[in-house]
Visitor: 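Before we start, here is the structure in question, set down as structure tokens.
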Amino acid sequence: MGLIVQKFGGTSVGSIDRILNVAECVKEEIERGNQVVVVVSAMGKTTDQLVNMAKELSTQPNKREMDMLLTTGEQVTISLLSIALNEKGLEAVSYTGWQAGIVTEPIHGNARIAKINTEAIKEQLQLGKIVVVAGFQGVTDTGEITTLGRGGSDTTAVALAAALKADKCDIYTDVTGVFTTDPRYVKTARKLLSVSYDEMLELANLGAGVLHPRAVEFAKNYHVRLEVRSSMEKISGTVIEEEATMEQNLVVRGIAFENEITKVTVLGLTNSLTSLSTIFTTLAQNHINVDIIIQNTTESGTANLSFSIQTDDWIETLNVLELNKGELGYEQLDAENKLAKVSIVGSGMISNPGVAAKMFAVLAENNIQVKMVSTSEIKVSAVVEEKNMHKAVEVLHEAFELSKVTN
Ligand code: ADP
Ligand code: ASP
Ligand code: MG
């Protein structure tokens, strides 16, 4: 007998009919002789609706109260699914994150899981029950309710699979697997049979919303066998594993993209020796995440610095820099909004030079200006104007022959 963790996302539990479908899916796993822990998200767009209600009351709602509010979404689904399972003659028990022993660091809105006390779940499994756990939520050492960040139910599932040493973690969603790029935007996107942990981690961090980045981190660190698959179609999905099979020797395996990026430029930094550390320490103290950084020295000996941030943070960033102008010592500040980041990802890049060159050539041929660049061993990211984002993804998808993937 094996232990399987199944996770069902918002669309997959979006109505009573869908919950019945999920119950059937769980039943099939039980009939295969396995023990099952199920992790579920809030129904459909519930989390968005709860966020919007709070925003009607306040532009900056208290983060503790937001966690209290958002965790109610998942609580509805765990009870409904348990009731549906009971009706099918299966014994199921629903657990909130805190009942399931999911302990997080004391941060509201985006907490990391610190440890999982698995005794309660194990006890229920021993009794032959299916345990249905609310995704996306946990509790601090002092009993405060927290959430794991949007999309965090994936992380609940993979972390539970790691802690329980499950044989497999299946992420059931509204697509049939991980595609070469988001199939909602690119019609020629193709499903991949497998992706390596490292490639998936890059794709998730660079905007491919199909998996929460921390879920991939857990899977990689604890060697969890992970599969992304459809909750509606009974076909195999995409396996995320150590070494993905090289499908048709693809150098680039996927393209991720995200918008709402802002480029901030600080001109005329007078003390180039210390100003970099002062600027980024000041931003970090204000919890502003900086992504790509470019610095160059001018002939007069001053330095110009550009960096990218999420557009959500741009007003705060400029305020922080202006407040500290005296200490930082610069001449002028500039910000460019409405930018996007398009990234190509693939382990094959390590041994294939010229991938970045090809990317820039393709973008140039299509009159898409590149504003910033960043690379790692297995990815190249280009910041472009938001209006060019989908075009850039499409032409790169064609150029790297991703629409030709067959499986
Ligand atoms: P769930 O509610 O099941 O967690 P999500 O909406 O979080 O579902 O994730 C699934 C969505 O991820 C898909 O509908 C798709 O639009 C998007 N997505 C983005 N990039 C990819 C990709 N490379 N492959 C598959 N889906 C992707
Ligand atoms: N319900 C949460 C969200 O919409 C968590 C999740 O679905 O993973 O972000
Ligand atoms: Mg999700």
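Worth knowing before you read on, the calculation uses all heavy atoms, side chains too, and leaves out hydrogens, waters and symmetry mates. Indexing begins at 1, ligand by ligand and atom by atom, following the structure's order. Just so you know, residue 1 is the first one in the sequence shown, and it goes up from there.
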Visitor: For ligand 1, find out whether one of its N or O atoms is nearer than 3.5 Å to an N or O atom of Ser12.
Guide: no
Visitor: Got a donor-acceptor contact below 3.5 angstrom from the Asn21 side chain to the Ser231 backbone?
Guide: yes
Visitor: Could you tell me whether the side chain of Thr238 and the main chain of Gly177 form a donor-acceptor pair under 3.5 Å?
Guide: no
Visitor: Under the 3.5 angstrom rule, does the side chain of Thr278 hit a backbone N or O of Leu328 as a donor-acceptor pair?
Guide: no
Visitor: Which ligand 2 atoms does Ser41 reach within 4.0 Å, using its non-hydrogen atoms?
Guide: 6 (C), 7 (O), 8 (O)
Visitor: Hey, which atoms in ligand 1 end up nearer than 4.0 Å to a heavy atom of Lys7?
Guide: 4 (O)
Visitor: Quick check against the 3.5 Å criterion: does Arg18 have a side-chain atom that pairs as donor or acceptor with the backbone of Thr11?
Guide: yes
Visitor: Rounded to the nearest 0.5 Å, what separates atom OG1 in Thr262 from atom CD1 in Ile309?
Guide: 5.5 Å
Visitor: Which atoms of ligand 1 have any heavy atom of Asp174 under 4.0 Å away?
Guide: 10 (C), 11 (C), 13 (C), 14 (O)
Visitor: Please work out whether the ring planes of His390 and Tyr185 are parallel, tilted or perpendicular, with thresholds of 30° and 60°.
Guide: parallel
Visitor: With a heavy-atom distance limit of 4.0 Å, tell me whether Thr181 approaches ligand 1 through its side chain, its backbone, both, or neither.
Guide: backbone
Visitor: Taking the non-hydrogen atoms of Ala189, is any one of them nearer than 4.0 angstrom to ligand 1?
Guide: no
Visitor: Nearest 0.5 Å, please: how far is CG in Leu70 from OG1 in Thr146?
Guide: 11.5 Å
Visitor: Pick from Lys191, Lys404, His397, Glu401: which one makes a side chain to side chain donor-acceptor pair (under 3.5 Å) with Thr180?
Guide: His397
Visitor: Determine whether the side chain, the backbone, both or neither of His212 has a heavy atom under 4.0 Å from any heavy atom of ligand 2.
Guide: neither
Visitor: Taking the inter-plane angle between the rings of Tyr172 and Phe8 on a 0 to 90° scale, is it parallel (under 30°), tilted (30 to 60°) or perpendicular (over 60°)?
Guide: parallel
Visitor: Would you mind telling me if ligand 1 is within reach of the side chain of Val210, the backbone, both or neither, using heavy atoms under 4.0 Å?
Guide: both
Visitor: Show the atoms of ligand 1 that are less than 4.0 angstrom away from any heavy atom in Phe179.
Guide: 22 (C), 23 (N), 24 (N), 25 (C)
Visitor: Any nitrogen or oxygen of Asp182, side chain or backbone, less than 3.5 Å from one on ligand 1?
Guide: yes
Visitor: Using a plain distance cutoff, I'd like to know if Arg184 has any nitrogen or oxygen under 3.5 Å from a nitrogen or oxygen of ligand 1.
Guide: yes
Visitor: Using every non-hydrogen atom in the two residues, find where Gly73 and Ala42 come nearest and quote the distance to one decimal.
Guide: C-CB, 3.6 Å
Visitor: For atom 5 (P) of ligand 1, tell me which residue out of Gly9, Gly10, Gly209 has the closest non-hydrogen atom.
Guide: Gly209
Visitor: What residue and atom, counting heavy atoms only, is the protein's closest point to atom 3 (C) of ligand 2, and at what distance?
Guide: Arg150 NE, 3.3 Å
Visitor: Would you say ligand 2 has an N or O under 3.5 Å from any N or O of Gly151?
Guide: yes
Visitor: Decide, yes or no, whether a salt bridge links Asp141 with Lys115 under the criterion of side-chain N to carboxylate O below 4.0 Å.
Guide: yes
Visitor: Does the side chain of Glu144 come within less than 4.5 Å of Pro106's, by heavy atoms?
Guide: no
Visitor: At less than 4.0 angstrom from any non-hydrogen atom of Phe136, what atoms of ligand 2 do you find?
Guide: 2 (C), 5 (C)
Visitor: Say whether Pro183 and ligand 1 are in contact under the criterion: heavy-atom distance to a ligand atom below 4.0 Å.
Guide: yes
Visitor: Which atoms of ligand 2 sit under 4.0 Å from any heavy atom of Gly152?
Guide: 5 (C), 8 (O)
Visitor: Can you tell if the side chain of Leu211 reaches within under 4.5 Å of the side chain of Met200, non-hydrogen atoms only?
Guide: yes
Visitor: Just to check, does Gly73 reach to within less than 4.0 Å of ligand 2 when the distance is taken from its heavy atoms?
Guide: no
Visitor: Considering non-hydrogen atoms of the protein only, which is the closest contact for atom 25 (C) of ligand 1, and what is the distance?
Guide: Gly177 O, 3.4 Å
Visitor: Need the ligand 1 atom indices (1-based, order shown) with element for anything under 4.0 Å from a heavy-atom of Val178.
Guide: 24 (N)
Visitor: With the threshold set at under 4.0 angstrom, would you say Gly9 reaches ligand 2 through any of its heavy atoms?
Guide: no
Visitor: Does atom CD of Glu123 have more than 12 heavy-atom neighbours, drawn from other residues, nucleotides or ligands, at distances under 6.0 Å?
Guide: no
Visitor: Give the single entry among Val13, Thr173, Leu192, Thr11 that approaches atom 8 (O) of ligand 1 most closely by any heavy atom.
Guide: Thr173
Visitor: Enumerate the atoms of ligand 1 whose separation from the nearest heavy atom of Ala208 is less than 4.0 angstrom.
Guide: 20 (N)
Visitor: What is the closest protein heavy atom to atom 6 (C) of ligand 2, and at what distance does it sit?
Guide: Ser153 OG, 3.3 Å
